[in-house]
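In what follows, a structure is listed as structure tokens, so that the remarks can point back to it.
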There are 2 protein chains.
Amino acid sequence: MDNDVKELRVAAGLSQRELAEALSVSRQTVNSIETGRYDPSLPLAIAIARHFARTVEEIFHVD
Amino acid sequence: MDNDVKELRVAAGLSQRELAEALSVSRQTVNSIETGRYDPSLPLAIAIARHFARTVEEIFHVD
DNA sequence: GGTCCGTGTCAAGCGTGCTTGACGTCGAGT
DNA sequence: ACTCGACGTCAAGCACGCTTGACACGGACC
């Protein structure tokens, strides 16, 4: 599972902290997802997709 | 988070056991997801969506 | 030099996702 | 009455998702 969260966040001009606040999670969670430390939970993945107006499948890719 | 897994599975004429095998998870996992015991992980949610040729968002709904 | 901000990472702790193995119940078929 | 498949559920155990708090580093700006 890799993802395009970092690219989307940077393109939106947001810091990890700002995205974390928008998603109501910690900055470390955003960082961990971006750096591939672990996959988000399903509800968080859906929240991320909604935030960037994409589908889950467009952002998260099974290897 | 509720979901349409049970409806889709029944419509496809599959038992929980058969769906579990198709997804390479245990029968209890399929049952737990259908009965709302917990949400699937992101990779499993994507696998379920693919199996039924739907998007994740079409199957899993945030309350 | 000193002070930010943004990022990467660590540790400890808690709840959840998933496993195997097991048991009870119900309906269908014999 | 018996068996069998399908389903719901429990328990114990392990790995992961997420938290708070902390530390280190680089770049920008004074």
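Numbers restart at 1 for each chain; the letters A, B, ... are given by sequence-line order, proteins then strands.
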Problem - Between D/dC18 (P) and B/Y38 (OH): distance, integer Å - result: 16 Å
Practice task
State whether A/R37 places a side-chain N or O below 4.0 Å from either non-bridging phosphate oxygen (OP1 or OP2) of C/dC10.
Solution key: yes
Practice task
To the nearest Å, give me how far apart CD (B/Q16) and P (C/dT25) are.
Solution key: 19 Å
Practice task
From the options A/R54, A/H51, A/E7, select the one residue that forms a side-chain contact (heavy atoms from CB on, under 4.5 Å) with A/I59.
Solution key: A/R54
Handout entry: Nucleotide D/dC7, atom C1' - distance to CD of B/E21 in whole Å
Key = 15 Å
Exercise for the section: Check whether any side-chain N or O of B/S41 sits under 4.0 Å from OP1 or OP2 of C/dC18, and answer yes or no. Expected result: yes
Practice task
Could you tell me whether the phosphate oxygens of C/dG6, OP1 or OP2, come under 4.0 Å of any side-chain nitrogen or oxygen in A/K6?
Solution key: no
Problem - Validation row: B/E57, A/E57 side chains within 4.5 angstrom (heavy atoms) - result: yes
Fill in the blank from the handout: Here the pair of heavy atoms bringing B/E18 nearest to B/G13 is OE1-O, 3.9 Å
Fill in the blank from the handout: To the nearest angstrom, the CD-C1' distance between B/E18 and D/dG5 comes to 11 Å
Practice task
For B/M1 and C/dG15, give me the distance from atom CE to atom P, rounded to whole Å.
Solution key: 21 Å
Exercise for the section: Mind checking B/S26 for me? I need base, sugar-phosphate or nothing, with any heavy atom below 4.0 Å counting as a touch. Expected result: base
Handout entry: Between P of C/dA11 and CG of A/N31, the distance in whole Å
Key = 16 Å
Practice task
Grab the CD-C1' distance between B/E34 and D/dT9 for me, whole Å please.
Solution key: 14 Å
Problem - B/L42 side chain reached by A/F60 side chain, heavy atoms, under 4.5 Å - result: yes
Fill in the blank from the handout: Closest to the side chain of B/Q28, out of C/dG8, C/dG6, C/dT19, is C/dT19
Practice task
Record whether the side chain of B/R27 comes under 3.5 Å of the base of C/dG21 through a donor-acceptor pair of N or O atoms.
Solution key: no
Exercise for the section: Could you say whether B/L14 or A/V25 is positioned toward the 5' end of DNA chain D, judged by the nucleotide with the nearest heavy atom to each? Expected result: B/L14
Practice task
Compare the minimum distances between each of C/dC18, D/dC18, D/dC10 and the side chain of B/L44, then state the nucleotide with the smallest one.
Solution key: C/dC18
Completion exercise
Walking DNA chain D from its 5' end, the first of B/R17 and A/D39 to be reached, judged by nearest nucleotide, is B/R17
Exercise for the section: Tell me what A/T29 touches on the nucleic acid: a base, only sugar-phosphate, or nothing, going by heavy atoms under 4.0 Å. Expected result: base
Handout entry: Residue pair A/E34 / A/R9, side-chain heavy-atom distance below 4.5 Å
Key = yes
Fill in the blank from the handout: Separation of D/dG17 atom P from A/N3 atom CG, nearest Å, is 12 Å
Problem - Presence of B/R9 side-chain N/O under 4.0 Å of D/dC7 phosphate oxygens OP1/OP2 - result: yes
